[in-house]
Amino acid sequence: MQKADIGLIGLAVMGQNLVLNMHDHGYKVAVYNRTTARVDEFLAGPAADTGIIGTHSLEELSVVLKKPRKVMLMVKAGEVVDAFIEQLLPHLEAGDIIIDGGNSLYTDSNRRTRELAAKGILFIGSGVSGGEEGARRGPSIMPGGNPAAWPQVQQIFQDIAAKVNGEPCCDWVGEEGAGHFVKMVHNGIEYGDMQLICEAYDFLRRGLGLSVPEIAAIFDEWNRGSLESYLMEISSEILTYQEADGTPLVDKILDAAGQKGTGKWTGINALELGVPLSLISEAVFARFISAMHEERQRAAAVLPGPDTIFAGEVQEYVQALHDALYAAKIVSYAQGYLLMRAAAGEYGWHLNYGGIARMWRGGCIIRSVFLDNISQAYSADPDLENLLLADFFAGALAKAQMGWRRVVAKCAELGLPAPALSSALAFYDGYRSHRLPANLLQAQRDYFGAHTYERVDRPRGEFFHTDWTGRGGKVASGTYNV
Ligand code: 2AM
């Protein structure tokens with residue numbers, strides 16, 4: 001029997017679709033699933049007449065694989081992945097490759113890369129994005145882990161990935177858990193993009209008083225320019241969708257957002273790494289506020305807002321909102337990249353920054369033309385300190401900033417919450433400030449806690465403490481902390 005190029009464990013929908021996708025691209029695939037009846041059902045159903053090899057034990061799976069063996073896990077994240085690795089090990093030999101394509105925590109992938117390397121097994125932790133449809137027709141694939149494994153799986157991964165302009169939405173991300181980390185950041189950015197579009201909708205609706213079909217038309221138009229993205233496209237389509245009585249379905253949907261926690265993890269990670277990831281974090285908080293639905297009804301009856309009604313040129317504000325959305329999106333991605341840079345520094349990863357933008361251009365929820373510009377910025381300068389400083393984006397922000405400010409100011413005037421648009425602007429203004437009020441903050445810290453401060457007229461690294469009241473000691477806290 002012809003041996004298989006790759007084995008896949010876990011025949012839930014994602015796993016099945018990846019297998020069929022690999023098969024479409026000419027690969028011989030062998031499959032296994034804990035509940036082996038699923039293997040038989042798969043072979044009798046979606047995989048009928050494909051020549052896909054069904055196996056009923058891990059031993060059987062290992063025997064039918066070409067060497068070095070490549071085994072991809074598409075199983076529930078967490079202990080199940082460790083359990084399968086443990087069970088696979090007796091059937092593998094040095095140089096074999098285990099790929100985890102599930103939604104694993106990147107810290108688990110860090111650990112698995114190291115533990116398996118010590119046993120001679122090459123581990124890849126890969127983000128796979130695009131849901132069931134993506135898995136079947138071409139997902140965005142973000143592999144990281146043991147770099148020695150990449151040349152062995154590059155061809156197959158790039159073959160099955162989504163393509164944009166003929167280029168695969170899959171490239172090597174970096175060491176250890178970098179692939180799963182980047183997938184997590186992708187999910188956080190998705191939260192930010194969605195919240196931005198929702199704020200734009202709210203401004204057009206409650207701020208400018210436009211109708212749902214009018215907003216659908218604006219989104220449709222924006223989807224033909226620099227804001228072109230999958231999320232803009234579906235938002236326009238959602239607003240077009242009407243119930244049988246002709247009312248937009250969106251008006252009937254309860255405004256209490258759910259979440260599975262992936263945005264939250266990005267935010268927690270940013271706090272841990274000390275990165276000002278404000279827009280994505282605000283997007284998570286905005287979902288939390290929306291979920292306080294009953295409490296908000298009570299608050300609405302008690303807490304006053306302004307009586308202001310929009311007065312101004314609607315067209316002018318629609319254009320300003322377009323600019324605000326674009327500028328805030330630039331900030332969101334810049335913040336996401338700051339987080340990836342911080343993680344790279346923390347874990348010693350060499351991240352493929354331009355490649356990451358290219359991987360996100362197709363096959364996943366945040367796909368957009370905008371990612372081309374990011375990819376180009378990193379091609380021009382792979383060591384780019386911050387996306388905002390790339391010529392293209394600095395120029396775009398210069399053009400967009402006045403509209404952005406007008407919209408944020410108008411939201412404040414009208415009492416409309418715009419946490420993502422406005423926190424992005426606060427970040428932009430903070431980031432471009434020569435001087436921030438942290439001088440006073442340092443003084444406060446020194447006043448109550450003798451935490452010391454540096455001076456503008458002295459070199460960095462020299463620390464001073466002042467006895468602010470004449471009653472304190474001369475000893476800085478740093479002195480007795482060490
Ligand atoms: P199953 O079909 O035997 O349930 C997604 O749930 C995939 O993860 C499925 O292939 C499922 O196998 C597998 N899975 C979930 N929990 C598992 C466990 N405790 N042990 C082995 N496989 C598991």
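All figures in this text were calculated on a predicted structure; none of them were measured in a lab. Hydrogens, waters and symmetry mates are skipped; everything else that's a heavy atom, side chains included, is used. Read the numbers this way: they start at 1 and go in the same order the structure lists the ligands and their atoms. For this chain, numbers begin at 1 and follow the sequence in order.
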Nearest to [atom], what protein heavy atom do you find, and at what distance?
| atom | answer |
| --- | --- |
| atom 18 (C) of ligand 1 | Arg34 NH1, 3.1 Å |
| atom 3 (O) of ligand 1 | Thr35 OG1, 2.4 Å |
| atom 12 (O) of ligand 1 | Asn33 OD1, 3.7 Å |
| atom 15 (C) of ligand 1 | Lys76 CB, 3.8 Å |

- Task: Report the relative orientation of the aromatic rings in Phe427 and Tyr431; use parallel for angles under 30°, tilted for 30 to 60°, perpendicular for over 60°.
- Result: parallel
- Task: Just say parallel, tilted or perpendicular for the rings of Trp222 and His322, cut-offs at 30° and 60°.
- Result: perpendicular
For the ring pair [X] and [Y], is the centre-to-centre distance below 6.0 Å?
| X | Y | answer |
| --- | --- | --- |
| Tyr326 | Trp404 | no |
| Tyr337 | Tyr378 | yes |
| Phe393 | Phe370 | yes |

Hey, which atoms in ligand 1 end up nearer than 4.0 Å to a heavy atom of [X]?
| X | result |
| --- | --- |
| Leu11 | 10 (O) |
| Ala12 | 5 (C), 10 (O) |
| Gly10 | 10 (O) |
| Phe84 | 21 (C), 22 (N) |
| Val75 | 7 (C), 8 (O) |
| Arg38 | 1 (P), 2 (O), 9 (C) |

- Chi angles and distances behind the side-chain contact (heavy atoms from CB on, under 4.5 Å) call for Ile97, Ile121: CA-CA 6 Å; Ile97 298 164; Ile121 304 295; over 6 Å; no
- Task: Measure Val80 to ligand 1 on non-hydrogen atoms and call it side chain, backbone, both or neither using the 4.0 Å cut-off.
- Result: side chain
- Task: Say whether, by atom type as modelled, one donor and one acceptor occur between the side chain of Lys70 and the main chain of Ile99 under 3.5 angstrom.
- Result: no
- Query: Can you name the one residue among His180, Arg114, Glu175 that meets side chain to side chain donor-acceptor pair (under 3.5 Å) with Ser109?
  - Reply: His180
- Message: Under 4.0 Å and counting heavy atoms only, is there anything from the protein next to atom 6 (O) of ligand 1?
- Response: no
